[in-house]
Participant: 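Just dropping this structure here.
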Protein chains: 2
Amino acid sequence: MHYTEQMEDELREAGWKLTPSRRAVLSVFDRHDLHLRADEVLARARKIHPAVGRATVYRTLELLTGMGILHPMVLGDGKTRYARIEDGHHHLVCSSCRQVVEMHDRRFNRLIRRLAHEQGFQMQSNVMECIGTCRECREKETKS
Amino acid sequence: MHYTEQMEDELREAGWKLTPSRRAVLSVFDRHDLHLRADEVLARARKIHPAVGRATVYRTLELLTGMGILHPMVLGDGKTRYARIEDGHHHLVCSSCRQVVEMHDRRFNRLIRRLAHEQGFQMQSNVMECIGTCRECREKETKS
DNA sequence: ATCGTTAATGAGACAAAATCTCATTTAGTG
DNA sequence: CACTAAATGAGATTTTGTCTCATTAACGAT
Ligand SMILES: [Zn+2]
Ligand SMILES: [Zn+2]
Ligand SMILES: [Zn+2]
Ligand SMILES: [Zn+2]
């Protein structure tokens, strides 16, 4: 079953109404590697359901965040972006060229789950942002 | 030597002028466990140097972020907050009661550094946010 | 100590992002 | 089809962040 449909089921099962606006916002996140600002979500959602209002997009982003489907984050540039989050969502951000590399490593989730457990927390999900310098930028740097 | 003075030295050595406004913003972050919104930083900075303007606070936050001294983050609630970041800054956020627990574990930085290295990145710093449920909230939940 | 250069500043206009209100609509239920 | 509470969109409003520009002051040179 496709991700979007799965999430629609989750909404329904949690007792939320499945409206065209909510479905539009949800379907924007069909790919797992998007990091979108609220206004970008609005623009994309309108391609699917032109009538959606800004307020509804914000409300839906909040709803989906509360359900653990999306998660807000700032990838170094101070802008709030929303991304899908399954168990974990890990990034390498180059402080020089700003490229963002997605990194998924089981070891990571395992370690976090364990550390959280030590503190009495039960992990739902996690987001990590590692700021550094990518190889290309380091090479440019040493040359100059 | 105190943290704030150390950071002042860093600024100076990087060639930036050490103004009362910059020192005020810097001194706001004397404690390591603060996560402040820009307007909170402004209010606190004004207690030290009442003349600071909003624009300067934003400019300084950007400067300090660029230098790897501060880092913007959203702890679940979609508000951008700035916090000191030494090597890493790791949080457990309870999705139910919203409490934030700071977690510092060497294993974490080690693992991230290694994974980053595998991707050709040289880590400067990292921020992690783990969303979950704290013990108290889980106990409340099972009782009800 | 004084000077000159130039980065840095604060005020306030402006722009962007987010929230709130409320009259209207509609999804889900039977 | 009809009912009802939840959800919506429009637009006002608030909050957050940026930009401009005339003025100031940090810091190195003298
Ligand atoms: Zn991502
Ligand atoms: Zn790079
Ligand atoms: Zn923290
Ligand atoms: Zn809790």
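By convention in this document, chain letters (A, B, ...) are assigned in the order of the sequence lines, proteins followed by strands, and residues within each chain are numbered from 1.
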Participant: Looking at the side chain of Lys17(B), which of dC27(D), dT9(C), dA18(C) is the nearest nucleotide?
Facilitator: dC27(D)

Participant: For Leu11(B) and dA26(D), give me the distance from atom CG to atom C1', rounded to whole Å.
Facilitator: 13 Å

Participant: Among dG9(D), dA17(C), dA7(C), which is the nearest nucleotide to the side chain of His49(A)?
Facilitator: dG9(D)

Participant: Does Glu40(A) come within less than 4.0 Å of Arg37(A), counting only side-chain N to carboxylate O?
Facilitator: yes

Participant: Between Ser21(B) and dA8(C), does any side-chain N or O lie under 4.0 Å from OP1 or OP2?
Facilitator: no

Participant: As a quick check of understanding, evaluate salt bridge (Lys or Arg N to Asp or Glu O under 4.0 Å) for Glu118(A) and Arg107(B), giving each step before the final call.
Facilitator: CA-CA 13 Å; Glu118(A) 287 172 8; Arg107(B) 288 172 280 178; 3.4 Å; yes

Participant: Tell me, please, whether Tyr3(A) has Arg84(A) positioned over its six-membered ring: NZ or CZ under 6.0 Å from the ring centre and within 45 degrees of its axis?
Facilitator: yes

Participant: Please state whether the rings of His91(B) and His35(B) are parallel, tilted or perpendicular, taking 30° and 60° as the class boundaries.
Facilitator: perpendicular

Participant: Find the distance Arg23(B):CZ to dA25(D):C1' and express it as a whole number of Å.
Facilitator: 14 Å

Participant: Check the pair His71(A) / Glu129(B) against side-chain hydrogen bond (donor to acceptor under 3.5 Å, both in side chains), numbers first and verdict last.
Facilitator: CA-CA 10 Å; His71(A) 197 85; Glu129(B) 176 185 358; 3.3 Å; yes

Participant: To the nearest Å, how far apart are Leu42(A) CG and dT19(C) P?
Facilitator: 14 Å

Participant: Between C1' on dA6(D) and CG on Leu18(A), what's the gap in Å once rounded to a whole number?
Facilitator: 13 Å

Participant: Check each residue of residues 52-64 of chain B for a non-hydrogen atom within less than 4.0 Å of any atom in DNA chain D, then write out the ones that pass by number, or none.
Facilitator: Arg54(B), Ala55(B), Tyr58(B), Arg59(B)

Participant: Rounded to the nearest angstrom, tell me the gap between atom CH2 in Trp16(B) and atom C1' in dT9(C).
Facilitator: 14 Å

Participant: Distance check needed: dA17(C) P versus Tyr82(A) OH, whole Å only.
Facilitator: 13 Å

Participant: Within this structure, what is the CZ-to-P distance between Arg46(A) and dG9(D), rounded to whole angstrom?
Facilitator: 9 Å

Participant: Find out if a path of hydrophobic residues (ILVMFWY) with successive side-chain heavy-atom gaps under 4.5 Å connects Tyr58(A) to Leu64(A).
Facilitator: no

Participant: To the closest 0.5 Å, what do you measure between CG (Asp30(A)) and CD (Glu5(A))?
Facilitator: 11.5 Å

Participant: On DNA chain C, check which nucleotide each of Gly78(B) and Pro20(B) is closest to and give me the residue with the more 5' one.
Facilitator: Pro20(B)

Participant: Given dT19(C), dG28(C), dT18(D), identify the nucleotide with an atom nearest to the side chain of Lys79(A).
Facilitator: dT18(D)

Participant: Is the shortest side-chain N/O distance from Thr19(B) to OP1 or OP2 of dT9(C) below 4.0 Å?
Facilitator: yes

Participant: How many Å lie between CZ on Arg37(A) and C1' on dT16(D), as a whole number?
Facilitator: 15 Å

